[in-house]
Amino acid sequence: AQSVSQHNHHVILSEAASLELGCNYSYGGTVNLFWYVQYPGQHLQLLLKYFSGDPLVKGIKGFEAEFIKSKFSFNLRKPSVQWSDTAEYFCAVSRGTGKLIFGQGTTLQVKP
Amino acid sequence: GAVVSQHPSWVICKSGTSVKIECRSLDFQATTMFWYRQFPKQSLMLMATSNEGSKATYEQGVEKDKFLINHASLTLSTLTVTSAHPEDSSFYICSALPGHYEQYFGPGTRLTVT
């Protein structure tokens, strides 16, 4: 079955630590890739997206992600997390129809 | 720009009654809107694709007679949960697609069925 898989379900980091959240998908062909963030009590916000071109994508708030086609991966990274990054992070894939298939989500808890 | 609103933000209803949730794109037109369901501590599950002026397309396993979707205009889609039961309690989120790739999400509606 086609799916999006996030490897880390719950991550706890101290402030200033580096972050990497894994995301793999099982679709062949052309895909559009997204990372969304959901802060406590707030709606989903787009962190970054990849459609084509440079596989290293920079997003808001210092986040970046790298698309590795051969590995079907789109991992999210941030060199130094802050307490305010505490949130739920979702990887999502679209095949051009607009329909998004979401991963299970990763809860990030940053300790001050 | 690209703001999507939902109304109500929270609703409590009795089992057997119907509830309507509105999703509006405030500053853009969207021929396509999506409805998702999110259980606590879980991911978003796509329920249906709402297209302006045509019937909604439901994902496998979603009861179309239970979750009625109407996309009456380019800025409004509604989801009606008919004959709601406690197992329908969930967080319902809509999104709107102004172009071809990026969609914008509403804040969600928490439905509690007692």
Side-chain angles (χ1 to χ4, degrees), chain A residues 1-11 21-25 27 30-53 57 59-60 67 74 86-109, chain B residues 1-10 21 23-26 28-52 56-62 69 71 77 91-110:
Chain A
Q2 299 171 333
S3 67
V4 180
S5 183
Q6 291 181 239
H7 315 300
N8 319 98
H9 297 293
H10 196 165
V11 174
L21 301 181
C23 174
N24 285 88
Y25 60 95
Y27 302 95
T30 302
V31 293
N32 300 316
L33 300 159
F34 305 81
W35 274 98
Y36 286 90
V37 62
Q38 188 174 32
Y39 297 104
Q42 297 189 28
H43 62 280
L44 278 170
Q45 298 175 38
L46 181 67
L47 272 179
L48 45 79
K49 60 184 183 285
Y50 172 81
F51 293 156
S52 63
V57 181
I60 61 172
F67 170 51
F74 190 55
T86 294
E88 191 83 15
Y89 292 81
F90 295 96
C91 178
V93 175
S94 171
R95 301 188 69 191
T97 63
K99 290 167 61 171
L100 286 174
I101 306 301
F102 283 86
Q104 306 93 318
T106 297
T107 301
L108 172 63
Q109 182 181 355
Chain B
V3 177
V4 176
S5 71
Q6 283 185 240
H7 178 80
S9 57
W10 190 18
I21 302 169
C23 175
R24 292 181 185 273
S25 56
L26 298 185
F28 64 95
Q29 294 184 331
T31 54
T32 303
M33 291 183 173
F34 300 94
W35 286 96
Y36 297 85
R37 185 171 179 177
Q38 185 180 28
F39 291 100
K41 304 293 184 183
Q42 294 188 32
S43 187
L44 284 77
M45 182 190 76
L46 178 64
M47 297 175 66
T49 302
S50 170
N51 297 299
E52 188 267 338
T57 305
Y58 292 83
E59 296 300 303
Q60 192 172 13
V62 178
I69 293 172
H71 196 147
S77 176
F91 198 55
Y92 293 89
I93 301 172
C94 74
S95 70
L97 190 65
H100 295 287
Y101 299 112
E102 184 175 343
Q103 55 191 274
Y104 298 90
F105 287 82
T109 296
R110 185 163 302 284

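Lettering of chains follows the sequences in order, A, B, ..., and the numbering in each one begins at 1. Being a predicted model, the structure only gives us computed values, none of them experimental.
Residues forming a ring pair (Phe, Tyr, Trp, His ring centres under 6.0 Å) with Phe34(B) (at least two apart in sequence, or on another chain): none. The side chain to side chain donor-acceptor pair (under 3.5 Å) search around Thr109(B) returns Gln6(B), not counting sequence neighbours.
Residue Lys49(A) touches chain B through its side chain alone, counting heavy-atom pairs closer than 4.5 Å. Of the atoms belonging to Thr32(B), not a single heavy atom falls under 4.5 Å from chain A. Using a 4.5 Å cut-off between heavy atoms, Leu44(B) contacts chain A through both its backbone and its side chain.
The line from CZ of Phe105(B) to CG of Leu46(A) is 9.0 Å long, rounded to the nearest 0.5 Å. Residue Ser95(B) holds its OG atom at 9.0 Å from CG of Leu44(A), rounded to the nearest 0.5 Å. His43(A) contributes atom NE2, which lies 10.5 Å from atom SG of Cys94(B) (distance to the nearest 0.5 angstrom). One distance of note links CD of Gln38(B) with CZ of Phe102(A); it measures 9.0 Å at 0.5 Å rounding. Interatomic distance, Gln42(B) CD to Glu88(A) CD, rounded to the nearest 0.5 Å: 10.5 Å.
A donor-acceptor pair under 3.5 Å is formed between the side chain of Ser43(B) and the backbone N or O of Gly103(A).
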(request) Starting from the C-alpha separation in whole Å, work towards a yes-or-no answer on side chain to side chain contact (heavy atoms under 4.5 Å, CB included) for Leu100(A) and Tyr36(B). (result) CA-CA 10 Å; Leu100(A) 286 174; Tyr36(B) 297 85; 3.4 Å; yes
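Heavy-atom pairs under 4.5 Å with chain B peak, among Gln42(A), Gln38(A), His9(A), Gln45(A), at Gln38(A).
In His7(A), the NE2 atom is crowded: over 12 heavy atoms of neighbouring residues, nucleotides or ligands sit closer than 6.0 Å.
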